[in-house]
Amino acid sequence: MSGKLTTHVLDISKGIPAKNLKIELWRLGPERSLIKTVSTNSDGRVDAPLLAEGHVESGEYELVFYVADYFREQSVGVGETPFLDKVPIRFGIADTNSHYHVPLLVAPGGYSTYRGS
């Protein structure tokens with residue numbers, strides 16, 4: 001079994017999946033490098049794993065969620081200087097054969113994450 005990395009985003013201010021939210025996946029290390037940019041679908045998920053079989057390497061990564069852009073799109077008044085603009089989540093991958101799921105629960109004033117399944 002090969003590992004993979006997945007995510008999803010829930011808008012807990014409305015109790016709905018966060019549709020069309022931009023996410024960047026970065027590999028951290030001696031140099032920070034962008035792996036890919038995706039957007040969530042109508043279920044708040046991305047259409048394919050961010051990292052799939054054969055492409056998961058151990059190391060440190062960062063997901064950057066563009067939450068202020070999402071809330072503006074939803075006509076939520078976050079202002080010019082929102083409390084949360086981009087939410088970065090740094091995490092490590094140790095076991096390249098495991099499934100790493102990094103969900104984001106977000107509202108204009110806060111967020112939560114955990115290692116899901």
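- Within the model, atoms NZ of K19 and CG of D43 stand 11.5 Å from one another, a figure rounded to the nearest 0.5 Å.
- Pairing each heavy atom of G44 with each of P17, the nearest pair is N-CB, 3.5 Å.
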Could you go through residues 102-117 and list every donor-acceptor pair under 3.5 Å that involves a side-chain atom there, pairing it with any protein atom two or more places apart or in another chain?
unit_1	atom_1	unit_2	atom_2	d
T113	OG1	P103	O	2.5
R115	NH2	H99	O	3.0

What's the verdict on salt bridge (Lys or Arg N to Asp or Glu O under 4.0 Å) for E60 and R27, showing C-alpha distance, side-chain angles and the deciding distance?
-> CA-CA 6 Å; E60 190 177 9; R27 171 77 189 231; over 6 Å; no
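- The side-chain heavy atoms of T37 and I23, taken from C-beta on, include no pair separated by under 4.5 Å.
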Trace of the side chain to side chain contact (heavy atoms under 4.5 Å, CB included) decision for V87 with Y66 | CA-CA 7 Å; V87 172; Y66 283 70; over 6 Å; no
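- Side chains of D11 and Y70: a donor on one and an acceptor on the other come within 3.5 Å.
- Taking CG from N97 and OG from S58, the interatomic distance works out to 11.0 Å, rounded to the nearest 0.5 Å.
- Counting only heavy atoms from C-beta outward, the side chains of V46 and N41 never approach each other to under 4.5 Å.
- The side-chain heavy atoms of K86 and V67, taken from C-beta on, include no pair separated by under 4.5 Å.
- In this structure, the side chains of K4 and S98 stay at 4.5 Å or more apart for every pair of heavy atoms.
- Both V9 and F83 belong to a single network of hydrophobic side chains, linked directly or stepwise wherever heavy atoms of I, L, V, M, F, W or Y lie under 4.5 Å apart.
- Taking CG of L21 as the reference point, atom CG of D69 lies at 8.0 Å (rounded to 0.5 Å).
- Between L63 and L50, the closest side-chain pair of non-hydrogen atoms falls below 4.5 Å.
- Note that the NE2 atom of H101 and the NE2 atom of H8 stand 4.5 Å from one another [nearest 0.5 Å].
- Scored by the salt bridge (Lys or Arg N to Asp or Glu O under 4.0 Å) test, E62 finds R32, R90 as partners (sequence neighbours excluded).
- The shortest side-chain heavy-atom distance between F91 and L5 falls under the 4.5 Å cut-off.
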Verdict with reasoning, Q74 to K14, per side chain to side chain contact (heavy atoms under 4.5 Å, CB included) | CA-CA 10 Å; Q74 301 301 307; K14 294 182 180 179; 3.6 Å; yes
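- Between the OG1 atom of T40 and the CZ atom of F65 there is a distance of 9.5 Å, given to the nearest 0.5 Å.
- In this structure the side chain of T6 never reaches within 4.5 angstrom of the side chain of R45, judged on heavy atoms.
- Side-chain contact between L25 and Y61 is present, with at least one heavy-atom pair separated by less than 4.5 Å.
- Both V38 and I89 are part of a single hydrophobic cluster, where members link through side-chain heavy atoms under 4.5 Å apart.
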